[in-house]
Amino acid sequence: MTPEEAVAEQERLRPLVVPRADPGLVVRRVAGLDVSYADDDRLVAAVVVLDAATLETVDEVVVAGRADFPYVPGLFAFRELPSLMTALGELAAPPDLLVCDGQGLAHPRRFGLACHVGVLTDLPSVGVAKTPMGRFTPPGSARGEHSDLVDGGEVVGRALRTREGVKPVFVSVGHRVDLDRACAEVLRLCVTRLPETTRRADSLGRAHLR
DNA sequence: GCGACAG
DNA sequence: ATCTTGTCGC
């Protein structure tokens with residue numbers, strides 16, 4: 001797949017994104033997705049499912065793969081998607097929400113990793129990035145405070161303070177959720193700056209790299 | 001033309 | 001992404 005084809009694929013799938021939640025959406029099981037890289041082209045995709053109420057781990061999957069697509073800003077998903085999809089397919093049961101390590105609608109073509117994974121699985125998804133793709137004014141320093149993440153004149157996500165006085169994370173809608181709900185779910189998962197889903201998937205992946 | 005650019 | 005434990009500071 002060439003970068004040109006990747007862009008065309010994003011534009012083809014972009015209209016399928018549903019930026020709102022089903023009326024009765026209940027999130028009981030939340031999955032965290034993350035990919036770790038070795039020195040060569042090997043990588044490990046990890047998915048950890050947590051009970052949203054207790055934050056207890058209820059399922060884990062690790063998949064080894066290869067980075068066959070280069071890291072290109074805006075096309076980041078094409079690097080991690082193959083292995084992540086394989087891992088998701090090995091879960092005992094589909095989760096109610098996917099928490100991705102990267103952007104959702106906060107993307108140059110409004111189709112970041114979280115949107116892509118959401119559309120391919122048709123599961124609700126949110127993107128939680130550690131650095132912004134857009135501009136924002138720093139939110140208040142208390143946990144839960146937030147401000148708009150703006151790109152190209154539109155609000156594409158939110159800078160969310162998940163912990164008192166710590167750098168915010170950047171939340172954007174992936175698929176089948178709205179921004180308010182996305183932020184509420186992310187905040188609920190945060191004990192430290194990053195969601196527990198992301199932290200556990202990250203450590204699981206790293207452990208398997210050795 | 002120059003800079004910016006998720007992980 | 002990755003290099004990386006203890007340590008300084010509020």
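Below, read A as the first sequence line, B as the second, and so on, with proteins coming before strands; counting in each chain starts at 1.
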Practice task
Tell me what A/Leu113 touches on the nucleic acid: a base, only sugar-phosphate, or nothing, going by heavy atoms under 4.0 Å.
Solution key: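 If one applies the 4.0 Å heavy-atom cut-off, A/Leu113 turns out to touch a base.
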Practice task
Under 4.0 Å between any heavy atoms, over every strand shown, what does A/Arg206 touch: base, sugar-phosphate, or nothing? Just pick one.
Solution key: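 If one applies the 4.0 Å heavy-atom cut-off, A/Arg206 turns out to touch the sugar-phosphate alone, with no base involved.
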Salt bridge check: are [X] and [Y] linked by an N-O gap of less than 4.0 Å?
{"X": "A/Arg14", "Y": "A/Glu11", "result": "no"}
{"X": "A/Arg206", "Y": "A/Asp34", "result": "no"}
{"X": "A/Arg66", "Y": "A/Asp41", "result": "yes"}

Problem - Contiguous Watson-Crick or G-U pair runs (3 or more, under 3.5 Å) in DNA chain C - result: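 Stem segments: none to report.
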Pair [X]-[Y], side-chain donor/acceptor within less than 3.5 Å:
{"X": "A/Glu80", "Y": "A/Tyr71", "answer": "no"}
{"X": "A/Arg200", "Y": "A/Thr57", "answer": "yes"}
{"X": "A/His107", "Y": "A/Asp151", "answer": "no"}

Handout entry: Shortest non-hydrogen separation from A/Ala182 to A/Val177 and the atoms involved
Key =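 What the structure gives for the nearest pair is CB-CG2, 4.5 Å.
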Distance check needed: [N] [atom2] versus [X] [atom1], whole Å only.
{"X": "A/Asp40", "N": "C/dA1", "atom1": "CG", "atom2": "C1'", "value": "13 Å"}
{"X": "A/Glu164", "N": "C/dG9", "atom1": "CD", "atom2": "C1'", "value": "16 Å"}
{"X": "A/Arg210", "N": "C/dT2", "atom1": "CZ", "atom2": "C1'", "value": "11 Å"}

Practice task
Could you label the plane-to-plane angle of the A/Phe78 and A/Phe69 rings as parallel, tilted or perpendicular, counting under 30° as parallel and over 60° as perpendicular?
Solution key: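 Judged by the thresholds at 30° and 60°, the geometry between A/Phe78 and A/Phe69 is tilted.
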Exercise for the section: Determine yes or no for a side-chain-to-main-chain donor-acceptor pair under 3.5 angstrom, with A/Arg158 supplying the side chain and A/Leu149 the backbone. Expected result: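 No; zero donor-acceptor contacts below 3.5 Å.
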Practice task
Please check if atom CZ in A/Arg20 has more than 12 non-hydrogen atoms from other residues, nucleotides or ligands closer than 6.0 Å.
Solution key: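 No, the 6.0 Å shell around CZ holds no more than 12 heavy atoms from other groups.
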Handout entry: Spatial distance of atom SG (A/Cys190) from atom CZ (A/Arg163) [nearest 0.5 Å]
Key =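 Output value for this atom pair is 10.5 Å.
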Handout entry: Within residues 62-89 of chain A: residues closer than 4.0 Å to DNA chain B (heavy atoms)
Key =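 Residues of residues 62-89 of chain A under 4.0 Å from DNA chain B: A/Tyr71, A/Pro73, A/Gly74, A/Leu75, A/Phe76.
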Handout entry: Nucleotide range of DNA chain B lying under 4.0 Å from chain A heavy atoms
Key =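 Using the under 4.0 Å cut-off, the span is B/dC5 to B/dG7.
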